[in-house]
Engineer: 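Structure in structure tokens, see below.
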Amino acid sequence: MKKKMLRQAGGCLLVAAALFIAGNSNIGVLERGCDAVMNYMSVNYTAEEIRQGAQRGVKAVSALPEKAGQAVSVISGKKTYGEPVNEKEEGGKKTVYAVGAGQVAETGETEEMGSFVRIIHGRDGESVYGNLSTVYVEPSSRVRKGQVIGVYENGDREFYYSFREFN
């Protein structure tokens, strides 16, 4: 079932890309083919059906990295965790993400770490994120892998992150 869904999502992306390229190619036969496909879709599908199909495709494709990570963890027997910040993000502010699903054990402020968040990831371990300018979660709240938990602003202090595995 998953393979079929992935093939369909990939096929939809290829068709969309092909239509975009054909429609903007300045090649008569490709532009006419694109117009024929668009006409067929407009006759046989409502705009709402096309929009819903596109949303399902986007949702399926955006879930692929997490699904691949889950498959790797099942095969290897180890959980995989994400990245706490997007290092490619430009500007003075960086979004901070939960590296894995878990429960917020503590938020607060210390002299060493500034504003921080500590998350317990079940029996696997705990992650700590420090020197945050803004914290979006509260103690006892549940978080998903990749959920935004705060913001770090470049300044005098470096972003603090640690992950400790439980044995």
Side-chain angles (χ1 to χ4, degrees), residues 1-91 93-105 107 117-127 129 132 134-152 159 161 163:
M1 180 68 157
K2 287 182 183 179
K3 283 184 179 180
K4 182 179 179 181
M5 187 175 81
L6 289 175
R7 279 195 303 263
Q8 288 175 341
C12 288
L13 288 173
L14 288 174
V15 168
L19 286 172
F20 177 78
I21 292 167
N24 295 296
S25 67
N26 293 324
I27 299 173
V29 70
L30 292 178
E31 289 178 335
R32 286 191 300 278
C34 178
D35 290 341
V37 169
M38 298 302 279
N39 184 45
Y40 175 84
M41 289 176 64
S42 68
V43 169
N44 292 293
Y45 300 99
T46 66
E48 181 62 22
E49 289 172 326
I50 293 170
R51 187 185 65 74
Q52 288 174 353
Q55 285 178 332
R56 285 191 303 271
V58 166
K59 195 174 188 179
V61 169
S62 66
L64 289 177
E66 185 174 345
K67 298 292 183 189
Q70 290 171 353
V72 168
S73 68
V74 167
I75 292 167
S76 68
K78 295 181 179 178
K79 290 218 177 209
T80 59
Y81 290 93
E83 294 296 323
V85 294
N86 179 359
E87 293 297 337
K88 295 177 185 169
E89 205 171 298
E90 294 189 21
K93 293 184 178 184
K94 293 189 185 238
T95 306
V96 179
Y97 307 96
V99 296
Q103 185 168 4
V104 177
T107 63
V117 173
R118 185 169 65 92
I119 299 174
I120 304 293
H121 303 282
R123 291 183 269 168
D124 296 327
E126 72 176 359
S127 56
Y129 315 79
L132 304 177
T134 308
V135 173
Y136 294 134
V137 294
E138 295 184 15
S140 300
S141 62
R142 302 273 316 148
V143 295
R144 298 176 324 278
K145 179 179 181 177
Q147 179 178 333
V148 176
I149 60 170
V151 173
Y152 164 72
F159 173 68
Y161 168 72
F163 188 87

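Remember, it's a predicted structure, so these values are computed and weren't measured experimentally.
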Engineer: Quick one: closest heavy-atom pair of Gly146 and Tyr97, and the distance?
Structural biologist: O-CD2, 3.3 Å
Engineer: In chain order, what residues pass the side-chain hydrogen bond (donor to acceptor under 3.5 Å, both in side chains) check against Gln103, with sequence neighbours excluded?
Structural biologist: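 Gln103 satisfies side-chain hydrogen bond (donor to acceptor under 3.5 Å, both in side chains) with no residue once adjacent residues are dropped.
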Engineer: In Å, rounded to the nearest 0.5 Å, how long is the span from CD of Glu126 to CZ of Phe163?
Structural biologist: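 Nearest 0.5 Å value for the CD-CZ distance: 8.5 Å.
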Engineer: Could you list the residues that satisfy side-chain hydrogen bond (donor to acceptor under 3.5 Å, both in side chains) with Ser127, not counting sequence neighbours?
Structural biologist: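 Listed in chain order: His121, Tyr129.
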Engineer: Quick check: closest heavy atoms across Ala98 and Val143, and the distance to 0.1 Å?
Structural biologist: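 Scanning both residues, the minimum pair turns out to be CB-CG2, 4.0 Å.
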Engineer: Between Ala105 and Pro139, what is the shortest heavy-atom contact and its length?
Structural biologist: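 In terms of heavy atoms, the two residues are closest at O-CB, 4.4 Å.
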Engineer: How would you list, by chain and number, every residue that makes a salt bridge (charged side-chain N to carboxylate O under 4.0 Å, His left out) with Glu138, sequence neighbours excluded?
Structural biologist: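 Applying salt bridge (charged side-chain N to carboxylate O under 4.0 Å, His left out) to Glu138 gives none.
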Engineer: Does any part of the side chain of Tyr161, heavy atoms only, come nearer than 4.5 Å to the side chain of Val99, both counted from C-beta?
Structural biologist: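 Yes, at least one pair of side-chain atoms sits under 4.5 Å.
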Engineer: Do the non-hydrogen side-chain atoms of Tyr152 and Thr95 ever get within less than 4.5 Å of each other?
Structural biologist: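 Side-chain contact under 4.5 Å: no.
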Engineer: Is it the case that atom CD in Gln55 sees more than 12 heavy atoms from other parts of the structure closer than 6.0 Å?
Structural biologist: yes
Engineer: For a 4.5 angstrom cut-off between non-hydrogen side-chain atoms, does Val151 reach Tyr136?
Structural biologist: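 Yes, at least one pair of side-chain atoms sits under 4.5 Å.
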Engineer: Could you point out which residue of Ile149, Val137, Thr107 forms a side chain to side chain contact (heavy atoms under 4.5 Å, CB included) with Ile119?
Structural biologist: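 Of the listed residues Ile149, Val137, Thr107, the side chain to side chain contact (heavy atoms under 4.5 Å, CB included) partner of Ile119 is Ile149.
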